[in-house]
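I have placed the structure first, in the form of structure tokens, so that the comments after it can refer back to it.
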Amino acid sequence: KIIRFIKCKVINMFTNKPFILASSSKSRFKILQTVGLDFKSKKPTCDEELLKKKLNNKKTKPLYLAKSLAKEKAKSVAKKYKNKTVIGCDTIIIFNNKLLNKAKNKAEAFLKIKKLNGKKHKIISVISVFKNGKEVWSHSQSSTVKIRKLKDTEIKKYISQSGTEILSSVGCYQIELLGPTIIEKTTGDFFNIMGFPLFPFLKFLKKDSYKT
């Protein structure tokens, strides 16, 4: 209990300024909650799919798309909470230079995992921080994941064991849950693969805590 108390005090001293997470993602919520940050989660009101359709074309670079989505998510919540710090985040997956979308059902999840089977794909996550209705900080980070070479029976078993929860993940896997059973190798930050580049964000909060 004493160690936990000291840990919380250290976190509060350097990073614990209350903020709003503009996301309904369970993974992002869990990451921030685990390190003891003081925040509330609010679902963004922007039309993410409509924005993707507008921006997702051959001329749009994936990083620009992710930055735009993260910014719009934060902005949509910041409009309602004007005096609060709002954090938006977006994660995309690039495979064969193409943007992957979330699977709508288990059948699509099977086809997606089969497509990624034995191959690498890139994960890009972007954080956007809004204060007083304006973006004051942003950060992007990329990681690489390689899915193991799987038989159809293995994919079906994995989907059956994972349940519909994997449909909330673009890659149809959650590295903090059963994802490692189908992953062969990862390169880059673990938290970024989960969907939130935690360490750069904590560094920002520590620096921001000294501002008046």
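With sequence neighbours excluded, the residues satisfying salt bridge (Lys or Arg N to Asp or Glu O under 4.0 Å) with Glu184 are Lys146. For the salt bridge (Lys or Arg N to Asp or Glu O under 4.0 Å) test, residues two or more places apart in sequence or in another chain that qualify with Glu165 are Lys26. Contacts of Phe95 classified as side-chain contact (heavy atoms from CB on, under 4.5 Å), with partners at least two apart in sequence or in another chain: Leu100, Lys115, Leu116, Lys119, His121. Applying the side-chain hydrogen bond (donor to acceptor under 3.5 Å, both in side chains) test to Lys203 and every residue at least two apart in sequence or in another chain returns nothing. Under the side-chain contact (heavy atoms from CB on, under 4.5 Å) criterion, Ile183 pairs with Val145, Ile147, Tyr173, Ile175, Thr186, not counting sequence neighbours.
With hydrophobic clusters built from ILVMFWY side chains whose heavy atoms lie under 4.5 angstrom apart, Leu177 does not share a cluster with Tyr158. Under the 4.5 Å side-chain heavy-atom criterion for Ile, Leu, Val, Met, Phe, Trp and Tyr, Leu205 and Val86 are members of distinct hydrophobic clusters. With hydrophobic clusters built from ILVMFWY side chains whose heavy atoms lie under 4.5 angstrom apart, Val77 does not share a cluster with Leu37. Taken together through direct or relayed side-chain contacts under 4.5 Å among Ile, Leu, Val, Met, Phe, Trp and Tyr, Met194 and Leu167 form parts of separate hydrophobic clusters.
For Asn192 against Pro197, the heavy-atom pair with the smallest separation is OD1-CG, 3.4 Å. Contact detail for Gly88 and Ala22: the closest heavy-atom pair is CA-CB, 4.3 Å. Looking at every heavy atom in both residues, Ser24 comes nearest to Pro44 through N-CD, 4.5 Å.
The distance from the CD1 atom of Ile182 to the CD1 atom of Ile166 is 7.5 Å, given to the nearest 0.5 Å. Between the CD atom of Gln174 and the OG atom of Ser162 there is a distance of 7.5 Å, given to the nearest 0.5 Å. Of the inter-residue distances, the one linking Phe204 atom CZ with Ile87 atom CD1 reads 6.5 Å to the nearest 0.5 angstrom. His139 contributes atom NE2, which lies 9.0 Å from atom OG of Ser125 (distance to the nearest 0.5 angstrom). The distance from the NZ atom of Lys151 to the NZ atom of Lys157 is 12.0 Å, given to the nearest 0.5 Å. Atom CD1 in Ile20 sits 7.5 Å away from atom NZ in Lys40 (nearest 0.5 Å).
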Next on the checklist: Walk me through whether Lys42 and Lys80 qualify under side chain to side chain contact (heavy atoms under 4.5 Å, CB included).
Outcome noted: CA-CA 11 Å; Lys42 299 293 180 181; Lys80 186 176 181 181; over 6 Å; no
Checklist entry - Step by step, would you call Ser41 with Arg28 a side chain to side chain contact (heavy atoms under 4.5 Å, CB included)? => result CA-CA 10 Å; Ser41 180; Arg28 292 177 186 135; over 6 Å; no
Checklist entry - Step by step, would you call Leu198 with Phe190 a side chain to side chain contact (heavy atoms under 4.5 Å, CB included)? => result CA-CA 9 Å; Leu198 178 63; Phe190 176 86; over 6 Å; no
Checklist entry - Should Leu32 and Phe201 be marked as a side chain to side chain contact (heavy atoms under 4.5 Å, CB included) after you check the CA-CA gap, both sets of side-chain angles, and the distance that decides it? => result CA-CA 10 Å; Leu32 298 176; Phe201 179 63; 4.0 Å; yes
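Looking at heavy atoms from C-beta onward, Val129 lies in side-chain contact with Thr85 at the 4.5 angstrom threshold. For the pair Ile127 and Trp137, the minimum side-chain heavy-atom distance is below 4.5 Å. Within the 4.5 Å cutoff, the side chain of Val35 has no heavy atoms near those of the Phe191 side chain. Considering only heavy atoms from C-beta on, Ile159 comes within 4.5 Å of Ile113 through its side chain.
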Under 3.5 Å, which donor-acceptor pairs link side chains of residues 62-75 to any protein atom two or more places apart or in another chain?
residue: Ser68; atom: OG; partner: Tyr64; partner atom: O; Å: 2.8
residue: Lys73; atom: NZ; partner: Cys89; partner atom: O; Å: 3.1
residue: Lys73; atom: NZ; partner: Asp90; partner atom: OD1; Å: 2.9

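Although no hydrogens or angles enter the test, the distance criterion places a donor-acceptor pair under 3.5 Å between the side chain of Thr91 and the main chain of Gly195. Remark: side-chain polar atoms of Glu108 are paired, donor with acceptor, to backbone N or O of Lys104 under 3.5 angstrom. A donor-acceptor contact shorter than 3.5 Å is absent between the side chain of Ser128 and the backbone of Ser138.
No more than 12 heavy atoms of other residues, nucleotides or ligands sit less than 6.0 Å from atom NZ of Lys120. Residue Asn97 qualifies as open at atom CG: its count of foreign heavy atoms under 6.0 Å is 12 or below.
Between Phe19 and Phe39, the two ring planes are parallel [angle under 30°; tilted spans 30° to 60°].
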